[in-house]
Amino acid sequence: MKRWVKMIRFIGGLCLVTLLGIAYVSYLCHNSLCLAPEHSSLSPRYSVSSISSSSRSEILSSPASLVKLIGGFPTKVNIESVAFEEAYDMGFDITSRDVIVFLHIQKTGGTTFGRHLVRDLNLENPCNCPKKRKRCDCFRPNTVNEQWLFSRYSTGWKCGLHADWTELTDCVEGALDEYEGTSRKRRYFFITVLRDPIHRYLSEFRHVQRGATWKSARHWCGGQEFTSLPHCYKGSNWTGVELDEFMNCSYNLAHNRQTRMLADLTLAGCYTGYNTTADQLERDRILLQSAKQNLASMAYFGLTEEQATSQYIFERTFHLDFANPFDQANATLSAQAIAELTPAQIERVRQLNSLDNELLEFARQLLHERFKKLKRRDPHFRRNWLRVIHPHNLHKVPSDFLFTLKYTMFA
């Protein structure tokens, strides 16, 4: 009998030690990424393979790979992402398993572009947009719940408010599986819109000045949600903030927002030490390189300042036409806002968005390359281009304009 009592006490002691160990490890790992062994099954959406730091630059320079850093290890994402060339060659099949995923960066004109996607595409089965409802049902033909568009105005913010590249690539397949009630493999066509960094930054400043916060954003990265990021303001919002105060907050996510939202943040430690200066140059290099790679691997991106070119590229890439053209917004308000700044303030804004400036130059060059490539392949380029820039007056375009068009756009 005593023997059994001793055994029970021994087993109970082991259980107690085990529970204390688990509690201790949980305490240490709270709000941080604890390193997992290479063979661990970290997430059902990732296949893990250890890669040395010396090969990281090779990963970043590879346009076809989707790579994440989970638990300290770069990993390839098991979702099928379609690049620009493949999108053009194979087209977008709305009846099959293709999904357009719109990465909506704040204050880039994404709201207008998002409405174009759900309301203006010439489709046999267009999105159903009931009155007094913000979202539309963009279902595939002959289905009742299969979405071909993943965006604010179709599915809503299923991966979080203004989800970035890191969040979307981790979340989109699971979110659609849950929405549609079934698990399936899809082809994802990632798209986005970029804007001149100074104009975008000042637009965000004005928006925050009026009370916007985006405080419900998840900031999901590396398998966890970073909910404890510091705020630049006290209270519920930053209403009435002045530009100098807005710029002086070192952890303001408005700084270089486009680069951060397009980069794979897991390659730079997610948001750990985001507002510190330790290895900031290396972090910036990794984020910018990753953002360029991800942008180049996207099926489509547009520029707010080049609406006609952006529309033409979308239509020829996806083989879909818009019923209403993209409007080139009047830049008077942005110009007026910049005119009110001192030279020192303009230079400060430029410095705070130096990564975005470099990203935009890369994007502008890439956009023009894609335009020229599509133009060469388009046997009906003149008509297609005129339809974009003069949609309602295609037959009233003066002959001298056509002559000019021939020797400029075809050059």
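Hydrogens, waters and symmetry mates are skipped; everything else that's a heavy atom, side chains included, is used. Counting from 1, the numbers follow the sequence of the chain as shown.
Under the side chain to side chain contact (heavy atoms under 4.5 Å, CB included) test applied with Arg257, the options Thr108, Asn353, Ile105 reduce to a single match, Ile105. A ring pair (Phe, Tyr, Trp, His ring centres under 6.0 Å) with His219 is found for exactly one of Trp214, Phe226, Tyr271, namely Tyr271. Phe301 pairs in a side chain to side chain contact (heavy atoms under 4.5 Å, CB included) with only one of the listed residues (Val193, Leu367, Ile191), which is Leu367.
A salt bridge is defined here as a Lys NZ or Arg NE, NH1 or NH2 lying under 4.0 Å from an Asp or Glu carboxylate O, and Asp378 with Lys373 fails to meet this definition. A salt bridge links Glu282 with Arg285: the closest approach of a Lys/Arg side-chain nitrogen to an acidic carboxylate oxygen falls below 4.0 angstrom. We find that Glu340 and Arg206 are joined by a salt bridge, their nearest charged nitrogen and carboxylate oxygen being less than 4.0 Å apart.
By the side chain to side chain contact (heavy atoms under 4.5 Å, CB included) test, Asp98 pairs with Phe92, Asp93, Arg187, Phe189, sequence neighbours left out. For Ala212, the side chain to side chain contact (heavy atoms under 4.5 Å, CB included) partners at least two apart in sequence or on another chain are His207. Under the side chain to side chain contact (heavy atoms under 4.5 Å, CB included) criterion, Ile346 pairs with Ile338, Leu341, Arg350, not counting sequence neighbours. In this structure Ser203 satisfies the side chain to side chain contact (heavy atoms under 4.5 Å, CB included) test together with Lys107, Arg195, sequence neighbours excluded.
Ring geometry, Tyr300 versus Phe314: the interplanar angle exceeds 60°, so the pair is classed perpendicular (tilted spans 30 to 60°). Ring orientation note: the planes of Trp238 and Phe246 are tilted relative to one another, at an angle of 30° to 60°. Aromatic ring orientation, Phe381 versus Trp385: parallel (interplanar angle below 30°, classes split at 30° and 60°).
Outside the 6.0 Å centre-distance limit, the rings of His231 and Tyr251 are not counted as a close aromatic pair.
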Exercise for the section: Given salt bridge (Lys or Arg N to Asp or Glu O under 4.0 Å), test Arg377 with Glu85 step by step and report yes or no. Expected result: CA-CA 12 Å; Arg377 295 176 177 178; Glu85 286 286 352; 3.1 Å; yes
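Under a 3.5 Å cut-off, the side chain of Glu173 and the backbone N or O of Lys185 do not form any donor-acceptor pair.
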Check residues 116-123 and write down every donor-acceptor pair under 3.5 Å in which the side-chain atom is one partner and the other belongs to a residue at least two apart or another chain.
from   : atom 1 : to     : atom 2 : distance (Å)
His116 : ND1    : Asp120 : OD2    : 2.7
Asp120 : OD1    : Asn324 : ND2    : 3.0

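Residue pairs meeting the salt bridge (charged side-chain N to carboxylate O under 4.0 Å, His left out) criterion with at least one member in residues 135-162, sequence neighbours excluded, are Arg133-Asp137, Arg140-Glu146, Glu146-Arg184.
At least 2.5 Å separates the SG atom of Cys136 from that of Cys127.
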